[in-house]
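Report on one structure; see the data block that follows.
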Amino acid sequence: MSTVRPAEPHDDGIAAEQIYVTGLHQRLDEVRARTVTRLAEALATVPHNPQAIGEREAAVELHAQRIVALDAAESGLCFGRLDRHDGDRPRYVGRIGLGAEDGREEPLLVDWRAPAAQPFYTATPLHDQGVRRRRHIRTRGRTVVSVTDETLDLDDPDLAQRSGLAGESVLLAALNATRTGRMSDIVRTIQAEQDRIIRADHRGVLVVQGGPGTGKTAVALHRAAYLLYTHRERLARSGLLIVGPSPTFLTYIADVLPSLGETGVVLADLGSLRPGLTAHAPERPEVAEVKGRATMVAVVAAAVRGRQAVLDQPATLTIDGTPVRFTKADAARARSRARTVSRLHNEARPAFARAVVDLVAQKYTDVLGQNVLGGANLLGSGDRAALRQEVAAEPAVHALVDRLWPRLTAERLLRDLFASPQRLAAATRGWSDADRALLARPTAAPWTPADIPLLEEADELLGVDDSAQRSAARRERDRRLRDAQETLDLLHGSRSTDWETEDESEELSAGDLLDAEGLADRQEERDTRSTAQRAAADRTWTYGHVIVDEAQELSAMAWRVLLRRCPTRSMTLVGDVAQTGSAAGASSWAEVLEPALGPRDRQGWRLVELTVNYRTPAEIMEVAAEVLAAGGADASAAESVRSTGERPWARQVAEEQVADAVAADAAGLDAAEGTLAVIVPRSRLTAVTEAVRARVPSATADGDLTAGPVVLTPEASKGLEFDSVLVADPVGILTEGVRGHNDLYVALTRATQRLGVVHPGGLPPELKGLDPR
């Protein structure tokens, strides 16, 4: 059993902290070993019914997730210490909370998300929150390598830091560290303005506006971890969804939440938000813009109504050799009856089928039971019922129902719509021919991210005809009941009736304790998936909280999808309207949110801003600010906290030399420490990628940011950061982008250390500040 020696307020230096940190790791090992034992015990349990299986799986999941969290906490377990004015023992802050074996009130280590840890991020000399000294502890593995102190006592003559960024040396060390191609957490260096956002009330829609390098994504991910800690019970049931701009971005951030001990989160981009479908095919910006318009709601609704057809001319059905005429008026009556039953197409289909069968059966019986003498129909009610069954089983009737009211999936509806000029014209009345033509495409065309909101909208209007599934479920339930009753009857019939004593005759049997329904329930299969697994597989799942990164890129149709996922409107949206690159995206938050939220909730959102640029050096931001201003943005660039002394440069080459020149510069920069991105206009992506790969074999364009130099478009680089960035053909980026200056602004601000520009012809005026090379 470990013993963690309580540190005293006067303890100082690395040696003292090493003793305490060693004890914390020993305590972590004990907790992990106990959890591993409990997991082994759960795995060794032999369940005898589905209920026991579910209980075992729940225990296994609980202990497995706890082990993951404990393993994640191993690196940088303890990173801070607070010495308080009250003279009590120091309070240590770390990735997780660790209690003492003896259960004393003060924990050995306070979780960074706990209220007791908040002064580590927010205490200042003017508002010290009871803290006399804040210590930053840096470790490598289990070894303490440095300590950095901030004295917050204004009366202390040794006060070294009264203002500015808390733990500036620690922060700058983290900012200057080389990148790995994967985002890391900032739990040791969260700043006060970031902490306020991370811990903000979860209710309502919180919009976090921040320029490049302000830590928007890091804040969003740490807010997710904080909410999961603070509202564990609620979010364990409902889940938390994080939506990013691209698969590459999701890979980039994938390690952050696990490093904070949280694994039960669904990560998705718009193209993977629909279960069972991956929609990442490229699409022209003008097509995506049309698909993102709010008017597409009416288009999809019209497409659904268009599949609820009436006849152009009467149809003749032959039933057992007897012709029956089904008219346009008959079809209209059946359609009206079905629409009365349900507004959802597939759910109304059984009612339409019944109406068609009733109409055809009535005409069929009128023909067969006709009285040649002119009297009443000769068929009785039993005959009529038999004939109706015959009509209901007739393939020609089924074919007529499928023709007039087909069972549709969202995918079939949209494929048929986009591939048919007639259907498109009918669904887009009032549109221009040019806009209508943008939607046209072959049936076999792959799905794109802009299609996902349309598919989701279609699902909302189609519903599911699950009558067959309900019938199958009832039959399966009846079968389990029969089997359960037979089991109980067998047990009852085989019981002993030759009792030796009166006490034995009063022993309870299985039948006394359980009826057939209870036994059948025990045999029902339990869903043992985690909340995140169930949520990711369910299109209709509603989450307890939704976080959206690069939210400024979302179209009006995309907002409808996300708001359905979170009807409580508990959302965190992070982005920068100065970086919007999509024609369907936002120019202002009010412009997009107020129509999306609707009259009831349009005032239910609040805006906070991140104002400090932690990532991008001042030398690069000086150039980027000129691009931002040239684009007419209302926002100003965030102020950088650091300078590298390395000026961004530009090199002019001939048009035919662009790809080779970029490859040569990429090879040189690849030799420098850290990660490298080459950002190009879409028209140059293939040529530059091939040239860079020829010079640097590890180069990639498939989104693996850890493999070597990566070649990206400005759109694909959103939210990412690299030690070095090489921008090719800035004029091409300006002219090809829907919002060209925004795209160039994004490209220039991905670098944390070095920036170079290769250009054919002249530079745009806003880049004249680059040093020539």
Side-chain angles (χ1 to χ4, degrees), residues 274-277 279 296-319 324-361 363 388 391-429 439-445 447 451-472 539-540:
R274 183 175 176 80
L277 179 66
M296 287 301 298
V297 174
V299 172
V300 175
V304 173
R305 289 195 302 273
R307 303 305 291 270
Q308 299 166 0
V310 293
L311 293 168
D312 295 329
Q313 56 186 6
T316 300
L317 307 174
T318 302
I319 302 174
V324 176
R325 192 166 182 265
F326 193 81
T327 67
K328 181 177 180 179
D330 293 329
R333 281 197 294 273
R335 182 174 68 175
S336 178
R337 190 185 305 178
R339 286 177 173 175
T340 301
V341 169
S342 175
R343 69 175 186 87
L344 301 181
H345 176 89
N346 288 330
E347 292 184 9
R349 187 176 186 273
F352 180 80
R354 287 193 299 270
V356 170
V357 169
D358 288 344
L359 290 166
V360 174
K363 295 187 175 193
R388 189 189 184 285
V391 169
E394 175 59 46
V397 175
H398 292 175
L400 180 64
V401 171
D402 288 339
R403 173 185 166 191
L404 298 180
W405 199 293
R407 183 182 288 110
L408 293 171
T409 64
E411 287 79 359
R412 178 183 170 187
L413 177 78
L414 288 189
R415 287 193 191 280
D416 291 351
L417 173 66
F418 293 154
S420 169
Q422 295 77 21
R423 288 194 172 114
L424 264 179
T428 57
R429 297 187 189 281
L439 295 179
R441 71 181 190 196
T443 303
W447 297 110
D451 290 325
I452 294 298
L454 306 184
L455 291 167
E456 296 283 300
E457 192 71 29
D459 266 322
E460 292 295 309
L461 298 174
L462 292 174
V464 179
D465 176 8
D466 60 353
S467 53
Q469 293 92 320
R470 289 200 304 270
S471 297
R539 187 193 71 79
T540 64

Minimum heavy-atom separation for A351 and A338, please, with both atom names. CB-CA, 4.1 Å
Quick check: do R335 and R305 have side-chain heavy atoms less than 4.5 Å from each other? no
Step by step, work out the side-chain contact (heavy atoms from CB on, under 4.5 Å) result for V356 and W405. CA-CA 10 Å; V356 170; W405 199 293; over 6 Å; no
Check: K363 side chain, R325 main-chain N or O, donor-acceptor pair, under 3.5 Å: yes
For A331 and L404, which heavy atoms make the closest approach, and how far apart are they? CB-CD1, 4.1 Å
What are the two closest heavy atoms between H398 and A392, and how far apart are they? NE2-O, 2.7 Å
Nearest 0.5 Å, please: how far is CG in L462 from CZ in R307? 10.0 Å
Member of L455, V304, L454, D459 meeting the side chain to side chain contact (heavy atoms under 4.5 Å, CB included) criterion with L413: V304
Measure the shortest side-chain to side-chain distance between L461 and H345 over non-hydrogen atoms and say whether it is less than 4.5 angstrom. no
Value rounded to 0.5 Å, distance of CG in D416 from OG1 in T443: 6.5 Å
Answer whether the closest heavy-atom distance between the side chains of E457 and M296 falls below 4.5 Å. no
So does R415 get a backbone contact from the side chain of R441, meaning a donor-acceptor N/O pair under 3.5 Å? no
Tell me, do V360 and I319 make a side-chain contact under 4.5 Å, heavy atoms counted? yes
Out of curiosity, N346 CG to R349 CZ, how far, rounded to the nearest 0.5 Å? 8.0 Å
For T327, does its backbone N or O pair with a side-chain atom of D330 as donor and acceptor, under 3.5 Å? yes
Heavy-atom distance under 4.5 Å between the side chains of E394 and L317, does that happen here? no
At their closest point, which heavy atom of A279 faces which heavy atom of I452, and how far apart are they? CB-CD1, 3.8 Å
Check E460 with R539, please: is the shortest side-chain N to carboxylate O separation under 4.0 Å? yes
So F352 and V401, do their side chains get closer than 4.5 Å, heavy atoms only? yes
Identify the two heavy atoms, one from T340 and one from S336, that lie closest to each other, and give their separation to 0.1 Å. OG1-O, 2.9 Å
Less than 4.5 Å apart, any side-chain heavy atom of R403 and any of L311? yes
Which atom names give the shortest non-hydrogen contact between L417 and R423, and what distance separates them? CD1-O, 3.7 Å
